[in-house]
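Notes to accompany the following structure.
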Amino acid sequence: MLVDFHSHTTASDGLLSPEELVLRAVERRVDVLAITDHDTTAALAPARQFIAEQDLPITLMNGIEISSAWENHEIHVVGLRFDADNEALQAFITAQGERREARALEMGRRLAKNRIEGAYEGAKALADGGAITRAHFARFLVNQGVAANFQAVFKKYLSRGNTGYVPHNWPDLKAAIDVIHQAGGVAILAHPGHYKLTNKWLKRLFQSFKAAGGDGVEVANSQQSPQIRINLGQWAKEAQLKASQGSDFHLISAWCDLGRNLYLPKDAEPIWQDWQELSVKRDLAESSQLPQQ
Ligand code: AMP
Ligand code: MN
Ligand code: MN
Ligand code: MN
């Protein structure tokens, strides 16, 4: 059973619509997909409707990726399997949207002071009604020829200490975990390898995440060395956190795809192990692996 619990659509900074994403996941033989857009659940209903209409062989898990703050770092928390209609969660999402909007406006002002005009409007147009992110600014700036590519734009303009960087104002890690729990979901520490933390600090983050009530850690990503996967699995175990996996798919590229390179270390405890709604799929997947008599 192939599980991918981290992906994005045009509801935030992904390039595929919810329908296109689901189709690609089916092509890629993903059995269970979570759509985890930045601070929004807007893609879930259209994706679910499309799967039902087309009778597609895939299970959709409710998901979200919440931006939060821990020790002055921006930490992403993936929420899974929650009630998307939960009022506390939707109020939280509305507040996150307001923070995103305020930050985007300020980014636009800072860039304009540095003679880069129209960045807010440009990013807003690319977001097309979805959650606005730094990725939209990056795409706009690359389109304008301000920088050669995505990485260069982040390095030069959008990461901490640069012209277009606005200090974040996210709720703290525990608030993100709490609201996911309030909505009945589980909270997963997203892509631990992306925070530029030393091993010592990463272990500390795992312990803090557990202490704040967190449930699991993304042990497997699409772009990851075997040793990092082993380390993350080990530290998750030590912190008594379960293991999750996700591609963090945003767009079709040579190095990331839905379901790609997703497997857990042998002794990991998958977060989805006891999820009853997946047991039928699990049995089917196992029986289809038996040799033909
Ligand atoms: P935001 O949540 O608005 O801070 O935007 C974060 C998004 O920007 C991430 O989810 C990535 O898609 C993208 N991003 C952040 N940092 C980088 C980076 N250094 N290189 C490429 N993309 C990045
Ligand atoms: Mn993103
Ligand atoms: Mn993230
Ligand atoms: Mn993501």
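One-based numbering, in listed order, for ligands and for the atoms of each. The first residue in the sequence is number 1, and the count goes up from there.
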For the Mn ion (ligand 3), does an N/O/S atom of H194 lie at less than 2.8 Å? no
Near the Mn ion (ligand 3), is there an N/O/S atom from H38 that is less than 2.8 Å away?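 No, outside the cut-off.
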At the Mn ion (ligand 4), what is the angle formed between atom OD1 of D248 and atom NE2 of H6, rounded to the nearest 10°? 80°
Vertex the Mn ion (ligand 4): angle to NE2 of H8 and OE1 of E65, to 10°?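 That angle is 90°.
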So, W201 versus Y195, ring centres under 6.0 angstrom or not?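 Ring centroids of W201 and Y195 are no less than 6.0 Å from each other.
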Evaluate the criterion ring-ring contact (aromatic ring centres under 6.0 Å, His included) for residue pair H76 and H38; output intermediate values, then yes/no. CA-CA 9 Å; H76 290 178; H38 297 287; 5.7 Å; yes
To the nearest 0.5 Å, tell me how far S208 OG sits from E71 CD.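 Here the rounded value is 6.5 Å.
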Could you check if a side-chain atom of I271 sits within less than 4.5 angstrom of a side-chain atom of D215, using non-hydrogen atoms only? yes
Look at the aromatic rings of H191 and H194 and report parallel, tilted or perpendicular, splitting at 30° and 60°. parallel
Minimum-distance N/O/S atom that H76 presents toward the Mn ion (ligand 3):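 In H76, the heteroatom (N, O or S) nearest the Mn ion (ligand 3) is ND1.
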Between the Mn ion (ligand 2) and D13, which N, O or S atom of the residue is the nearest one?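 This residue's closest N, O or S atom turns out to be OD2.
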